[in-house]
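Numbered from 1 within each chain, the chains take letters A, B, ... in sequence-line order.
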Amino acid sequence: MERGAIPTDEIAGAVDVQATLESGQTYLWWRPDGTTYETDGASGGDAWYRTVVDGDVVEVRQTDAEIEWRSTTDADPLVRDLLGLRDDLYEIRAAATGDDLATAAWDAYDGLRIVRDPFFGCLISFICSAQMRVERIFAMQESLREHYGEPIEYDGETVHAFPEPAALAAATEDDLRDLKLGYRAPYVQRTAEMVASGELTERDIDGRAYELAREELTEFVGVGDKVADCVLLFSLGYLEAVPLDTWIRSAIEDHYPDCDRGNYADTSRAIRARLGPYAGYTQTYLFHYLRSGGDE
DNA sequence: CTCCAGGGAGCCT
DNA sequence: AGGCTCCATGGA
């Protein structure tokens, strides 16, 4: 096992690992100590978090002046990527053009960064997110890992990676329904099949102009505009992407009513124009802030 | 009991 | 393009 630490003062802007990993933007990290998000939220400040990327286990925790990591590999560059530590939060916040609500959200969770999840895991987890509570989305991904993920021996225990596309493609709809995926089961199976067969993959999407990339993503089964935006924002680094979910729609209704243009594409353009070039960043702060009851 | 959760597909006009 | 309706599951 390799270990290392990234001094926080090397990072442009604040870092808050707990806010980053528990704000509902990624479902691919978990606490290896078994404590859960939400219920033990206040105690997660110095907890370890674990994920698996390309067969390597990666663990991080935040201490006073460092982001500490342990891994099966030299994970320093990987951790910087995964947690958005390369984002210049000073610049990003300076470019944010919201209102009092946006300012309050940024102030409340300073240091929350946009993650860069691996593409396939991000895609599947957000397909699962449809009409589902945050806590249960975590549970569904854990179930997928335990049943279909490659086992890795690590520090005396067995850790399961997120399933490979071929593994989920080989599952049947009924298999996945048994894992309580509900009507999302066939979406997950068919999308996994598309990736596994090469019909549509990350390479066909990453790098394309934002709106084209979003449209392309909706070719996956179970992926509409909202889930596509989540993948663009939380995996591929399209920081302008604003997932229009129930929470941000409510915020638009209350705080930016003129941005509601009646359809997804036009409302998206209007809210992006309102929030600035890193609109997805502000959206994620708003989502976490509103969902945590900060607007009360 | 009803209502709802980080929506999307299928079908209709 | 825009407007239904249905879709599983579990907690409030």
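Judged by distance alone, the side chains of A:Thr158 and A:Glu153 do bring a donor and an acceptor atom under 3.5 Å apart.
Judged by a 6.0 Å distance limit and a 45° cone about the ring axis, A:Arg3 is not positioned over the six-membered ring of A:Trp69.
At the phosphate of C:dA8, OP1 or OP2 sits under 4.0 Å from a side-chain N or O atom of A:Arg177.
In this structure, the nucleotide among C:dG11, B:dG7, C:dA8 sitting nearest to the side chain of A:Arg133 is C:dG11. Checking C:dG10, B:dG10, B:dG8 against every side-chain atom of A:Arg190, the shortest atom distance belongs to B:dG10. Of the candidates B:dG8, C:dT9, C:dG11, C:dT9 carries the atom nearest the A:Lys180 side chain, counting heavy atoms from C-beta on. Checked against C:dG2, B:dG8, B:dA5, the side chain of A:Gln131 finds its nearest nucleotide in B:dA5.
Applying the Watson-Crick and G-U wobble criteria (two distances, each under 3.5 Å), B:dC1 pairs with nothing in any strand.
A donor N or O paired with an acceptor N or O is found under 3.5 Å between the base of B:dG7 and the side-chain atoms of A:Tyr183.
A:Tyr154 places no side-chain N or O within donor-acceptor distance of the main-chain N or O of A:Thr72, the cut-off being under 3.5 Å.
A:Phe220 comes within 4.0 angstrom of the backbone, heavy atoms only, and of no base.
Comparing the C1' positions of C:dG10 and B:dA9 gives a spacing of 23 Å, expressed to the nearest Å.
Other residues, nucleotides and ligands contribute at most 12 non-hydrogen atoms within 6.0 Å of the CD atom of A:Glu164.
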